[in-house]
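Every value quoted in this text rests on a predicted model; they were computed, and no experiment measured them.
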Amino acid sequence: MKLFLLGAVLSAAQSVTAALDASLLETYVDSLELTSSFNPVEAAYWTGYKHHRRTPFAVSPDGESAYLAYLDSSESGVHIQQVDPSTFEAVGTTVTVSGGQEAGGLVAHNDGFALLTNEAMPSGTTNAPSDSTPVPVLYRYTNGEQTWKTWLGGPDVESSEGYLASPDLNGDLVYSSDAGLYGAYFVVTAYSGSASGHYGDSIQYVNDDGELQTISGATSTWGCSHNTGIAFEAASEAPFASMCAEDQGAIWLNTNGQGMMDIGVKVSNENTTNGASGEPMGGMGGSYSQLVKLGSSSKYLFSWPTRGAIDVTLNDWMGEGYTHVLPRNLNRNVAVALFSDKKTLVGDQATSVIGTEDADSQINWITEGDADHTNVHAAAFGTDNALLTWEEISDPVCDEFIAMGCRGTFAGTHFQQVDSTGAVVGAAINSSDVYVAGDMVNIGSKICWPYVSMEWDLDGTVNEWDTSSSTTTKKISFACISLSGSGSGSSSGSGSASASAGASGSATATATASATASASASGSASSGSGSGSLSLSTSVAAETQAVSQTQTEAVPTSVDAISATEAVPTSVDAISATQLPASTDGEAAAVTARPNRGKGKCRAHYRH
Ligand SMILES: *[C@@H]1O[C@H](CO)[C@@H](O)[C@H](O)[C@H]1NC(C)=O
Ligand SMILES: *[C@@H]1O[C@H](CO)[C@@H](O)[C@H](O)[C@H]1NC(C)=O
């Protein structure tokens, strides 16, 4: 008893002193030189609004090596660069998976890495998809050499729905050393069989020798319909913890069942329109660092942006138990859900009772008000605390696309500590020039992630057709955040030391300066003190403006001109006309509009 009380007092004290403040955010601006160029901006599904393009990032279990994966700016070839986890500088030579078309997930090992990507199958492959449509594939590299490669779709993977391909790889890769398994969760389309032309998602497991494992109750070839959002986290055994955002009206924790059925847990009611549900897992470029295990506990935490939900009606097409809702708000606020284990929600599920007015009463809100919130991610500081982050859009325009993102004035990247119950600890800190654009990983007592240092605005669309003005960069920045008093003497000490050493100039840079010619003329710039405020700790290197800032002006087609109707080549009618019956294994298989990265549909509608 005495011990227990002491523990309680200690942890209360810790949570008081552990609140985040701006001095705890360290940056390593432009620390990583890339050997190839990278386009950090990706068009969102349907809207063409700007998203950060993901650069998967992972650190090895021994903490000695980190890896960053990025898609070549030509959109063909995924490069994997080893990174020093204390200086965030490049180590060794870049590995290139030349056929890769998306950096879809990365796991770091003590002796190498595994990459989830998608690529065309070799020509002449029997039953390969036509037109070189890429198929998901897992690569393992050991000490710089490929040790195995395992197709996760195509003719090698049995599926009652037909052979599967991933024209865009929206998904994630995780690894469990306890289970000796990689798990990959990704969006697929069938190119043969009953589901031909339709979109769903698949979960595949591969063992340490690169052998695909078909695990009953875990492997899935057709789970959620038109999934525009995946959240996936390892567990000590299969099935791993999985979530999907489907096109029928809900977000599911589907560790149990891998589908969109009520043997899973309905975490949220979301209005769905044109196949999307508000980009809860980030949409294009998203689907990472949103579902996170809290240290060695059995708990998981999930954070997402939502419009809230009202007015539950029956989803006629799916049938009893499935619902539709209207959005409560036009803008999205940040919410958090806690799971006591990989299959169990803490608190109530989202309601499925027809006629319910408040269809979001189960939600634990982190933010409130009229601003929009996007690019939501979560990471854990061990078992007791987690970090949530989001980008805020003030005065958002949200009524152009009802279930997609919003546009408006970028009002900072926010970092909020929460405890293991999801309750807010202290106030959020706010940065105008640090973004989250790749996996948030634990390095010592810190949480670190990659981003591209550039001016960020969320008020327009990506200019898709004028490739000459594409934004590219050859530098990746990193940021880390720690809780105060959480071992700053150990790993974070060396981190901030090398940050100041690496930035040798003297001028202080602001967010705006970070991408302009005048900042570059001043050469290397830096703060002196590693422990100052956010603006002080940001430094700018001469080459920073490799990231050109032509995006905003380069968009000739105003968003107004892209009306919802002409933006829809696959009309809602066309979607419902081709909807599928329930699949053979009883999972609801539904059809989907294509979650492309804007190359097909979006480009077509920009040209109207
Ligand atoms: C989503 O909300 C819109 C606008 O409020 C509504 O017109 C639409 O019917 C809703 N979608 C569903 C599937 O109920
Ligand atoms: C966060 O920073 C941005 C950009 O500097 C600013 O516009 C915004 O008002 C800040 N938000 C808060 C809540 O302090």
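For S297, the side-chain contact (heavy atoms from CB on, under 4.5 Å) criterion is met by L294, K299, T383, not counting sequence neighbours. With sequence neighbours excluded, no residue forms a side chain to side chain donor-acceptor pair (under 3.5 Å) with S159. Partners of E279 under the salt bridge (Lys or Arg N to Asp or Glu O under 4.0 Å) rule, at least two apart in sequence or in another chain, are R332. Checked against side chain to side chain donor-acceptor pair (under 3.5 Å), Y185 has the following partners two or more places apart in sequence or in another chain: D201, N254. K293 is linked by a side-chain contact (heavy atoms from CB on, under 4.5 Å) to E233, Y300, counting only residues two or more places apart in sequence or in another chain. With sequence neighbours excluded, no residue satisfies ring-ring contact (aromatic ring centres under 6.0 Å, His included) with H51. Under the rule for a ring-ring contact (aromatic ring centres under 6.0 Å, His included), Y139 has no partner lying at least two apart in sequence or in another chain. Under the ring-ring contact (aromatic ring centres under 6.0 Å, His included) criterion, F478 pairs with F57, F88, sequence neighbours left out. Shown here are the side-chain contact (heavy atoms from CB on, under 4.5 Å) partners of A378, two or more places apart in sequence or in another chain: V292, L301, S303, L388. Scanning for ring-ring contact (aromatic ring centres under 6.0 Å, His included) contacts around H109 gives Y175, Y182, with sequence neighbours left out. Shown here are the side-chain contact (heavy atoms from CB on, under 4.5 Å) partners of T421, two or more places apart in sequence or in another chain: D419, A423.
The pair K342-E237 does not meet the salt-bridge criterion, since no charged nitrogen lies less than 4.0 angstrom from a carboxylate oxygen. Using a 4.0 Å cut-off between charged side-chain N and carboxylate O, E33 and K475 make a salt bridge. Using a cut-off of 4.0 Å between Lys/Arg side-chain N and Asp/Glu carboxylate O, K446 and E26 are scored as salt-bridged. Using a cutoff of 4.0 Å between basic side-chain nitrogens and carboxylate oxygens, E145 and R140 are not scored as salt-bridged.
Between the side chains of T96 and H79, a donor-acceptor pair is found at a separation under 3.5 Å. With 3.5 Å as the limit, one finds no donor-acceptor pair spanning the side chains of E391 and H414. Judged purely by distance below 3.5 Å, without hydrogens or angles, the side chains of N385 and Q417 pair a donor atom with an acceptor atom. For the residue pair S202 / T221, no side-chain donor-acceptor distance below 3.5 Å is found, with atom types taken as modelled. The closest side-chain donor-acceptor pair between S73 and T472, if any, does not fall under 3.5 angstrom.
Remark: side-chain polar atoms of Q416 are paired, donor with acceptor, to backbone N or O of G426 under 3.5 angstrom. Side-chain atoms of T125 never come within 3.5 Å of backbone atoms of A128 as a donor-acceptor pair (strictly under, hydrogens ignored). Of the possible polar contacts, none joining the S76 side chain to the G99 backbone as a donor-acceptor pair under 3.5 Å is found.
Aromatic ring orientation, Y435 versus W456: tilted (interplanar angle from 30° to 60°).
Contact annotation: the side chain of I481 approaches that of L20 to within less than 4.5 Å [non-hydrogen atoms, C-beta and beyond]. Residues F38 and I476 are in side-chain contact: their nearest non-hydrogen atoms beyond the backbone lie under 4.5 Å apart. Proximity of L345 to L338: side-chain heavy atoms (C-beta onward) are nowhere separated by under 4.5 Å. Side chains of Q81 and Y67 form no contact here, defined as non-hydrogen atoms less than 4.5 Å apart. Under the 4.5 Å side-chain criterion, counting only non-hydrogen atoms from C-beta, V135 is not in contact with S166. I366 places a side-chain heavy atom less than 4.5 Å from the side chain of W390. S445 is not listed as a side-chain neighbour of F381, based on a closest heavy-atom distance of 4.5 Å or more. Within the 4.5 Å cutoff, side-chain heavy atoms of L138 are placed close to those of L173.
Applying the salt bridge (Lys or Arg N to Asp or Glu O under 4.0 Å) test to residues at least two apart or on different chains, none of the pairs has a partner in residues 204-223.
In this structure, the separation between CG on N118 and CG on L152 is 10.5 Å, given to the nearest 0.5 Å.
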